[in-house]
Amino acid sequence: MVYILLGTGFEETEAIAPLDLLRRAGIPVMTVGLCGKTVYGGHNIGVEADITVGQMDLTDLDMIVLPGGLGGVASIRSCQEALDAVRFAWNNGKFVAAICAGPTVLADLGITDGKHATCYPGCEDGMGNAIMAENTPCVRDDKLITGTSAGCAIPFGLMLIEALKGKEAADTIKKQIVIR
């Protein structure tokens with residue numbers, strides 16, 4: 001199971017584009033509302049989450065995804081259950097993925113230390129001891145996947161698919177959506 005954390009003020013494109021791609025690939029994925037089931041993103045788009053944070057089954061976890069958006073990132077930082085779930089995923093060898101400002105939460109938890117990563121331009125100071133990659137839409141370093149911005153949400157989503165199901169599955173989705 002993939003869980004995508006949705007906190008008030010999340011960046012809609014960074015959550016919905018990867019969600020759509022993962023579901024197209026047949027990967028079980030659920031959106032997780034941190035403050036209830038209806039969550040409003042940074043552009044006031046309301047999303048009905050599949051479950052709330054307290055309903056996650058971490059024993060069934062394959063990957064946890066943190067979209068960016070400064071409000072969404074602040075929501076994740078203020079939700080101990082969300083932070084505990086991210087720590088659990090990392091400590092148990094599961095994939096941990098974040099995009100835009102989301103990787104700074106991973107840096108707060110020490111997850112990016114010594115790992116290759118990217119983030120939204122200007123958030124680098126919040127990346128701790130990560131080895132920062134510049135001018136790339138997304139970076140994978142073993143079980144850590146990071147993306148740069150909303151404009152990189154499609155490559156980020158495809159990288160999530162590749163991590164979970166392989167390159168062929170990601171390429172199949174890439175062909176379906178006619179990315180160039």
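- Across all their heavy atoms, Phe10 and Tyr40 have their closest contact at CE2-C, 4.0 Å.
- For the side chain to side chain contact (heavy atoms under 4.5 Å, CB included) test with Phe88, the passing option among Leu83, Val96, Leu58, Thr59 is Leu58; the others fail.
- Cluster membership for Ile76 and Ile99, using ILVMFWY side-chain heavy atoms within less than 4.5 angstrom, is not shared.
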Run the side chain to side chain contact (heavy atoms under 4.5 Å, CB included) test on Val29 and Val65 for me, step by step, so that the C-alpha distance in whole Å, both residues' side-chain angles and the decisive distance to 0.1 Å come before the verdict.
CA-CA 10 Å; Val29 58; Val65 181; over 6 Å; no

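- In this structure, Leu66 CG and Tyr3 OH are separated by 14.5 Å, a value rounded to the nearest 0.5 Å.
- Here SG of Cys119 is found 10.5 Å from CG of Leu106. Values are rounded to the nearest 0.5 Å.
- Note: Thr31 OG1 to Ile51 CD1 = 7.5 Å, rounded to the nearest 0.5 Å.
- Between Ala107 and Gly126 the shortest heavy-atom distance is CB-O, 3.2 Å.
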Residues Leu164, Leu22; criterion side chain to side chain contact (heavy atoms under 4.5 Å, CB included); working and verdict:
CA-CA 9 Å; Leu164 292 167; Leu22 289 162; 4.3 Å; yes

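- Checked by atom type and distance alone, the side chain of Thr13 never pairs as donor or acceptor with a backbone atom of Ala150 at under 3.5 Å.
- Between the NZ atom of Lys115 and the CD1 atom of Ile145 there is a distance of 12.0 Å, given to the nearest 0.5 Å.
- Qualifying side chain to side chain donor-acceptor pair (under 3.5 Å) partners for Asp141, counting only residues two or more places apart in sequence or in other chains: His116.
- Residues forming a side chain to side chain donor-acceptor pair (under 3.5 Å) with Gln55 (at least two apart in sequence, or on another chain): Thr52.
- Listed by first and then second residue, the side-chain hydrogen bond (donor to acceptor under 3.5 Å, both in side chains) pairs that reach into residues 145-159 are Thr118-Thr148, sequence neighbours excluded.
- Sequence neighbours left out, the pairs with a member in residues 100-114 that pass salt bridge (Lys or Arg N to Asp or Glu O under 4.0 Å) are Arg77-Asp108.
- Clustering of Ile, Leu, Val, Met, Phe, Trp and Tyr side chains at separations under 4.5 Å places Met132 together with Met127.
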In sequence, state the C-alpha distance, the side-chain angles, and the governing distance for Leu21 and Leu160, and then conclude on side chain to side chain contact (heavy atoms under 4.5 Å, CB included).
CA-CA 9 Å; Leu21 297 175; Leu160 302 181; over 6 Å; no

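- For the pair Ala130 and Ala117, the tightest heavy-atom approach, listed with the atom from each and the gap, is CB-CB, 4.2 Å.
- Residues satisfying the salt bridge (charged side-chain N to carboxylate O under 4.0 Å, His left out) criterion with Lys165, sequence neighbours excluded, are absent altogether.
- The shortest heavy-atom contact between Ala49 and Val32 is CB-C, 4.0 Å.
- Residue Glu81 comes nearest to Val53 through the heavy atom pair OE1-CG1, 3.5 Å, listed as atom of the first residue, atom of the second, then distance.
- Applying the salt bridge (Lys or Arg N to Asp or Glu O under 4.0 Å) test to pairs two or more places apart or on separate chains, none has a residue in residues 123-137.
- Follow the hydrophobic side-chain contacts under 4.5 Å out from Ile16 and you reach Ile161 in the same cluster.
- Residues passing the side chain to side chain donor-acceptor pair (under 3.5 Å) test with Thr112: none are found, sequence neighbours excluded.
- Distance SG/Cys79 to CG/Leu34: 5.0 Å, rounded to 0.5 Å.
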Table please: side-chain donor-acceptor pairs of residues 169-180 below 3.5 Å, with sequence neighbours left out.
residue: Asp171; atom: OD1; partner: Lys167; partner atom: NZ; Å: 3.3
residue: Asp171; atom: OD2; partner: Lys167; partner atom: NZ; Å: 3.2
residue: Thr172; atom: OG1; partner: Glu168; partner atom: O; Å: 2.9

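- Cluster membership for Met159 and Leu144, using ILVMFWY side-chain heavy atoms within less than 4.5 angstrom, is not shared.
- Residues Cys100 and Gly69 come closest through the heavy atom pair SG-N, 4.4 Å.
- In this structure, Met30 is a member of the same hydrophobic cluster as Leu5, with clusters built from ILVMFWY side-chain heavy atoms closer than 4.5 Å.
- Within the structure, salt bridge (Lys or Arg N to Asp or Glu O under 4.0 Å) pairs that include any residue of residues 24-42 comprise Asp20-Arg24 (at least two apart or interchain).
- Side-chain atoms of Glu14 never come within 3.5 Å of backbone atoms of Ala153 as a donor-acceptor pair (strictly under, hydrogens ignored).
- Between Cys138 and Pro155 the shortest side-chain heavy-atom distance falls below 4.5 Å.
- How far CZ of Arg87 is from CD1 of Ile111: 8.0 Å, rounded to the nearest 0.5 Å.
- Looking at residues two or more places apart in sequence or on another chain, you find a side chain to side chain donor-acceptor pair (under 3.5 Å) between Glu12 and His43.
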How far apart are the C-alpha atoms of Asp84 and Met56, what are their side-chain angles, what is the distance that settles it, and do they pass the side chain to side chain contact (heavy atoms under 4.5 Å, CB included) test?
CA-CA 11 Å; Asp84 290 345; Met56 284 190 293; over 6 Å; no

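- Residue pairs satisfying the salt bridge (Lys or Arg N to Asp or Glu O under 4.0 Å) criterion with at least one member in residues 42-61, sequence neighbours excluded, are listed as follows: Arg23-Asp50.
- Criterion: ILVMFWY side-chain heavy atoms under 4.5 Å apart, direct or through other members. Under it, Phe156 and Leu6 are part of a common hydrophobic cluster.
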